[in-house]
There are 2 protein chains.
Amino acid sequence: MTISEENYIKVIYHLSLVSPKGVNTNAIAGMLDTKASSVTDMMKKLSDKDLVSYQKYQGVTLTEKGLHSAKMIVRKHRLWEVFLVDKLGFSWDEVHEIAEELEHIKSEQLINKLDAFLGYPAADPHGDPIPDAKGVIKKIEKQLLSEVEINASFHCVGVKDSSTDFLKYLDKQKIALGSVVKVIDKEDFDDTLTVEIDGKRLTISNKIANNLYVQ
Amino acid sequence: MTISEENYIKVIYHLSLVSPKGVNTNAIAGMLDTKASSVTDMMKKLSDKDLVSYQKYQGVTLTEKGLHSAKMIVRKHRLWEVFLVDKLGFSWDEVHEIAEELEHIKSEQLINKLDAFLGYPAADPHGDPIPDAKGVIKKIEKQLLSEVEINASFHCVGVKDSSTDFLKYLDKQKIALGSVVKVIDKEDFDDTLTVEIDGKRLTISNKIANNLYVQ
DNA sequence: TTTTATTTTTAGTTTTGTCTAAATTTAATT
DNA sequence: AATTAAATTTAGACAAAACTAAAAATAAAA
Ligand SMILES: [Mn+2]
Ligand SMILES: [Mn+2]
Ligand SMILES: [Mn+2]
Ligand SMILES: [Mn+2]
């Protein structure tokens with residue numbers, strides 16, 4: 001499998017979680033910053049290799065084989081992110097790009113040894129679960145902060161949007177995974193929240209609350 | 001710079017250490033397991049990018065810029081090898097292939113943080129020196145075991161040949177970097193050595209002694 | 001110094017992954 | 001149901017990196 005093929009498979013995997021019936025050509029092109037015609041070409045190749053099932057105009061889904069490959073790439077991506085943050089001291093907004101390259105290093109032994117070295121982490125620095133060596137993903141129980149009842153206490157377990165901008169906003173507000181959050185009040189008009197994070201009171205827009213997972 | 005370009009630059013660097021006047025097309029082809037005609041094509045491209053100076057039929061040398069790039073690739077290769085051995089527990093004969101891929105990950109910050117994490121090692125698992133962030137290589141004093149006087153004590157500091165076969169032979173004989181070696185006797189006929197390694201007596205062919213560096 | 005052998009380069013293809021522009025299919029609107 | 005719009009695919013082209021076969025240059029041998 002080439003790096004390009006792996007990038008396609010991974011994108012199809014992520015899009016499948018949202019649209020399991022089939023992923024559109026255009027959606028894939030958008031994620032990979034390429035053109036729809038290039039996607040069509042690649043779908044034929046991946047279909048020949050039995051990694052996706054594809055009928056033209058109908059979108060694609062991953063085959064068993066493709067799904068497993070995708071999970072292994074995601075596993076590598078997330079384990080490398082843990083390494084970069086926990087061992088090398090990168091901050092959580094700096095690691096995605098580098099992991100995007102590291103995820104393509106081809107050695108099962110490497111990734112399993114890395115997993116052990118890191119202490120078999122369950123989640124990456126953004127709270128996303130790490131598939132085990134067999135591809136099994138332990139689902140992490142979580143709710144969006146925007147959908148949680150008032151006056152209960154939670155702690156942050158992940159982010160939905162892991163863009164640099166959002167992560168840096170969270171850093172600025174001293175919100176990190178593990179922070180304790182209590183929703184004090186919700187504004188009816190625009191769903192703005194008043195919250196207490198690690199004891200400190202804060203006002204948070206719905207857009208923020210909608211991208212923060214708590215448990 | 002593409003992965004392929006980087007592999008060429010690195011090979012030219014290694015060959016330059018032996019033939020500094022200019023590296024042949026065929027030698028490069030041999031190292032990269034490709035054809036001479038492919039090398040010629042690539043030399044034109046690298047020359048256009050001012051990484052090598054090339055006149056046809058006359059061989060190539062690295063430019064200032066090419067030399068620096070080469071050292072950075074070697075730096076990455078060797079640091080990753082240290083990581084694989086020291087942190088992940090790979091043995092020294094397993095790491096070359098994986099480092100061959102890892103050396104192409106493009107992030108200066110990554111490699112400098114890795115360097116710090118590893119404690120700024122001076123040499124890789126095979127005793128080869130690691131260029132610093134500026135490309136400076138501290139030369140390691142060393143002699144081949146085959147060229148050392150009799151009855152003096154040394155310790156192993158590196159291997160010339162780092163093929164799996166040779167490294168596994170050394171493992172079998174319990175010879176590692178750091179081992180204390182004393183040459184007891186040298187056979188006139190074929191230069192076979194009788195040595196004491198960490199106190200244990202051993203007979204060693206000239207081919208072996210010719211690939212083991214001591215200090 | 002010719003002749004022969006070796007090395008290196010050129011010319012012409014191939015494969016992978018991309019692109020643009022045009023054609024086709026499906027979806028959405030009148 | 002017919003028309004328009006949007007999404008998708010085809011056709012044809014290109015750049016990167018490789019190959020084979022043939023030509024040219026250099027080195028070695030007679
Ligand atoms: Mn990637
Ligand atoms: Mn992540
Ligand atoms: Mn390499
Ligand atoms: Mn090495």
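Values reported hereafter were calculated over all heavy atoms of this structure, with side chains retained and with hydrogens, waters and symmetry mates removed. Chain naming here is simple, since letters A, B, ... match the order of the sequence lines and numbering starts at 1 in each.
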Parallel, tilted or perpendicular: rings of F166(A) and Y169(A) (30°, 60°): parallel
Nucleotide dT10(C), atom P - distance to CG of D41(B) in whole Å: 9 Å
Nucleotide nearest T25(A) when distance is taken to its side chain, options dT8(D), dT20(D), dT18(C): dT8(D)
Short side-chain N/O contact to dA18(D) OP1/OP2 from S38(B), under 4.0 Å: no
Any Y8(B) side-chain N or O less than 4.0 Å from OP1/OP2 of dA18(D): yes
Atom-to-atom span, CD of E5(B) to P of dA16(D) - whole angstrom: 9 Å
dA25(D) phosphate, OP1 or OP2, under 4.0 Å from K56(B) side-chain N/O: no
Side-chain N or O of S37(A) closer than 4.0 Å to phosphate OP1/OP2 of dT20(C): no
Interatomic distance where NZ belongs to K44(B) and P belongs to dA18(D) [whole Å]: 15 Å
Sugar-phosphate, base or nothing in reach of N24(B), heavy atoms under 4.0 Å: sugar-phosphate
Distance below 4.0 Å between S4(B) side-chain N/O and dA18(D) OP1 or OP2: yes
Under-4.0 Å side-chain N/O to phosphate OP1/OP2 contact, T34(A) with dC19(C): yes
Residue pair T61(A) / S53(A), side-chain donor-acceptor N/O under 3.5 Å: yes
5′-ward residue of the pair N26(B)/M42(A) relative to DNA chain C: N26(B)
Check: E64(A)/H68(A) side-chain N/O donor and acceptor closer than 3.5 Å: no
Lys NZ or Arg CZ of K87(B) over F117(B) ring: under 6.0 Å, within 45°: yes
K45(A) vs dT15(C): side-chain N/O to OP1/OP2 distance below 4.0 Å: no
Parallel, tilted or perpendicular: rings of W80(B) and W80(A) (30°, 60°): perpendicular
dT9(C) phosphate, OP1 or OP2, under 4.0 Å from Y54(B) side-chain N/O: yes
Whole angstrom value for the distance that separates C1' of dT6(C) from NZ of K35(B): 17 Å
M43(A) CE to dT16(C) P, straight-line distance once rounded to whole Å: 15 Å
Closest-nucleotide ordering on DNA chain C, the 5'-leading residue of Q58(B) and T2(A): Q58(B)
Length of the NE2-P vector between H104(B) and dA17(D), whole Å: 12 Å
Distance, rounded to the nearest Å, where Y57(A) contributes OH and dT25(C) contributes P: 6 Å
